[in-house]
A.B. asks: 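To start, I am sharing the structure in question, which I have written as structure tokens.
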Number of protein chains: 2
Amino acid sequence: MKYRKIPDETIRRLPMYLRAFSLLRTEATETISSRQLAQRLGLNSPQIRKDLSYFGAFGTRGVGYPVEATARRIRQILKLNKVQKAVLIGAGRLGTALVAYPGFSSFNLDIAAVLDNDPKKIGKKIGPIKIENTDRISTLKKRDIRLAILAVPAEAAQKTTENLVKAGIRGILNLSPCHLKPARPVKIIDIDLASQLGILPYYM
Amino acid sequence: MKYRKIPDETIRRLPMYLRAFSLLRTEATETISSRQLAQRLGLNSPQIRKDLSYFGAFGTRGVGYPVEATARRIRQILKLNKVQKAVLIGAGRLGTALVAYPGFSSFNLDIAAVLDNDPKKIGKKIGPIKIENTDRISTLKKRDIRLAILAVPAEAAQKTTENLVKAGIRGILNLSPCHLKPARPVKIIDIDLASQLGILPYYM
DNA sequence: CAATGTGAACAGCTTCACAGCC
DNA sequence: GGCTGTGAAGCTGTTCACATTG
């Protein structure tokens, strides 16, 4: 396919595809058609074919997509073929739950540090990770941590963002219910749990 | 405006607007222009005007939107003007964090029940709520609970969904990393935390 | 024959530009 | 003058239809 800008929506779906292909591998399936995959994921098949075709042709006509090779390719596209370290800011209940969440490792994502500003928490451990003081944000760069999960109260979110950007963080998963304004452009993904639940009654 | 289908994206933004208007009320602001609001939320102003105009004209030209009345109107549109009860299925770390999360109440959302299938957890309390056995799903209808937050392991998600639908649940916030197939059509919102974090490296 | 890859048609959402109103 | 409300234009993403290939 001649070059066309890759839609953000396509990127958003790639982790889903990757998870599906990883699962298929454990089922010892060698290939899968876009039709079958679509049914598993609740999409339709042209969607999947188009998404994958943005990155070149890696299916086989008449057969489908090779499970192992496609998984590897998606990992490469998403830069998940090597471990990506993330810092968690905010060791509250939500933050703590995330550190323990086993789902990150299958994407090669590693929560390598946890920071909080509550003196009572600092030094305590969550699983294998020791909670550090928030002022240690400045050490993230040399520790090769470029991703952050922001799970602090709304009041602290903006200030923390500024510090994260100064510390060389390149992407933020924002779980606090407010719009962040980074000094330099940084990819931010917002997840506002209460808002999402708040949408449901409309559709009842 | 003559009738036009209301975009899902508009609905998705309404909780954000509602939160902003609620906050403005505490700041004793009486009106706000689409421009000012857009800046706070990181949107642009025609977006906000169009979104709100789908539900009728409730701003004042030359002035802006009345804070109190607009908040009330949005609450009404989203059916958040009365308390909406939700059940949490899965009292793991993530589930427990959600029950304690204070952000739901500002939308009139109330986690009124928590269910889990681990005998060791049943009977224990999370804050004021006692954990019940999962088989009590069947009691949700008569307890006027129509929303569910699904925070169970992937293996249990599909089966639980089927039971929820049977029990009259009308909307599901799905936190498990899999595609649910409800027997009857039910609004499902998927939040896959690991996938979202997995997107970030691509943009670095 | 079965399934991919893809231009083209289509649908949905956002942005623009400006008329209308306070 | 300032700001809303809105048709129209523009853009992005999805679906279709089918030529193409193993």
Side-chain angles (χ1 to χ4, degrees), chain A residues 1-17 20-21 24 29-71 73-74 77 179 199 202-203, chain B residues 1-17 20-21 24 29-71 73-74 77 179 199 202-203:
Chain A
M1 185 161 71
K2 77 180 183 222
Y3 181 79
R4 293 247 303 280
K5 195 197 170 302
I6 295 158
D8 281 347
E9 292 299 302
T10 293
I11 302 301
R12 218 175 42 73
R13 282 186 292 269
L14 288 184
M16 274 174 57
Y17 298 158
F21 279 104
L24 286 164
T29 311
E30 303 225 325
T31 61
I32 188 167
S33 69
S34 58
R35 176 103 72 102
Q36 292 169 292
L37 186 58
Q39 205 192 353
R40 288 196 178 222
L41 298 177
L43 303 171
N44 53 16
S45 50
Q47 179 75 272
I48 291 175
R49 292 202 299 278
K50 176 137 285 197
D51 281 345
L52 294 178
S53 76
Y54 281 110
F55 306 98
F58 40 108
T60 310
R61 290 169 201 237
V63 180
Y65 296 91
V67 168
E68 167 111 38
T70 308
R73 185 80 181 86
I74 296 175
I77 294 162
H179 172 67
I199 293 165
Y202 175 86
Y203 290 98
Chain B
M1 185 161 70
K2 77 179 180 219
Y3 180 80
R4 292 245 304 278
K5 194 196 170 304
I6 294 158
D8 282 347
E9 291 299 299
T10 293
I11 302 301
R12 219 176 40 75
R13 282 186 292 270
L14 289 183
M16 275 176 56
Y17 297 158
F21 278 104
L24 285 163
T29 311
E30 304 224 324
T31 61
I32 189 166
S33 69
S34 58
R35 175 104 73 102
Q36 292 170 292
L37 186 58
Q39 206 191 354
R40 288 196 179 221
L41 297 178
L43 303 172
N44 54 16
S45 48
Q47 179 76 271
I48 291 175
R49 293 202 297 280
K50 176 137 287 199
D51 281 345
L52 295 179
S53 77
Y54 281 109
F55 307 97
F58 42 107
T60 310
R61 290 170 200 235
V63 180
Y65 295 90
V67 169
E68 168 111 38
T70 308
R73 185 81 180 85
I74 296 175
I77 294 161
H179 171 67
I199 294 166
Y202 176 86
Y203 291 98

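Please read all numbers here as calculations on a predicted model, not as lab measurements.
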A.B. asks: Can you check whether A:F55's main-chain N or O pairs, donor with acceptor, with A:R73's side chain at less than 3.5 Å?
C.D. replies: yes
A.B. asks: Scan A:F55 against the nucleic acid and name what it touches under 4.0 Å (heavy atoms): base, sugar-phosphate only, or nothing.
C.D. replies: nothing
A.B. asks: Are there any protein N/O atoms within less than 3.5 Å of an N/O atom in nucleotides 12-14 of chain C, and if so, which ones and at what distance?
C.D. replies:
| residue | atom | partner | partner atom | Å |
| --- | --- | --- | --- | --- |
| C:dT14 | OP1 | B:R13 | NH1 | 2.9 |
| C:dT14 | OP2 | B:R13 | NH2 | 2.8 |
| C:dT14 | OP2 | B:Q47 | OE1 | 3.4 |

A.B. asks: Could you measure the distance from the CZ atom of A:F21 to the OG1 atom of A:T70? Nearest 0.5 Å is fine.
C.D. replies: 4.5 Å
A.B. asks: How many whole angstroms separate atom OH of A:Y65 from atom C1' of C:dG5?
C.D. replies: 7 Å
A.B. asks: In this structure, how many angstroms lie between the P atom of D:dG5 and the CZ atom of B:R73, rounded?
C.D. replies: 12 Å
A.B. asks: If the test is side chain to side chain donor-acceptor pair (under 3.5 Å), which one of A:Q39, A:R49, A:K50 qualifies with A:S34?
C.D. replies: A:R49
A.B. asks: Considering residues at least two apart in sequence or located in another chain, which fulfil the side chain to side chain donor-acceptor pair (under 3.5 Å) criterion with B:E9?
C.D. replies: B:R12
A.B. asks: Which whole-number value in Å describes the distance from A:L43 CG to D:dT15 P?
C.D. replies: 9 Å
A.B. asks: Sub-3.5 Å donor-acceptor pair from the side chain of B:Q47 to the main-chain atoms of B:N44, do we have one?
C.D. replies: no
A.B. asks: Using atom CG of A:L52 as one end and atom C1' of D:dT14 as the other, report the distance to the nearest whole Å.
C.D. replies: 15 Å
A.B. asks: Each nucleotide in nucleotides 17-22 of chain D should get exactly one letter: B, S or -. Can you fill that in based on protein heavy atoms under 4.0 Å?
C.D. replies: B-BBBS
A.B. asks: Using only side-chain N and O atoms of B:S34, determine if any of them is under 4.0 Å from OP1 or OP2 of D:dT4.
C.D. replies: yes
A.B. asks: Would you indicate whether the side-chain heavy atoms of B:T31 and B:T60 approach each other to under 4.5 Å?
C.D. replies: no
A.B. asks: Rounded to the nearest angstrom, tell me the gap between atom CD in A:Q36 and atom P in C:dA2.
C.D. replies: 13 Å
A.B. asks: Does A:I11 reach the side chain of A:Y54, with side-chain heavy atoms less than 4.5 Å apart?
C.D. replies: no
A.B. asks: Does some side-chain heavy atom of B:L24 sit less than 4.5 Å from a side-chain heavy atom of B:Y65?
C.D. replies: no
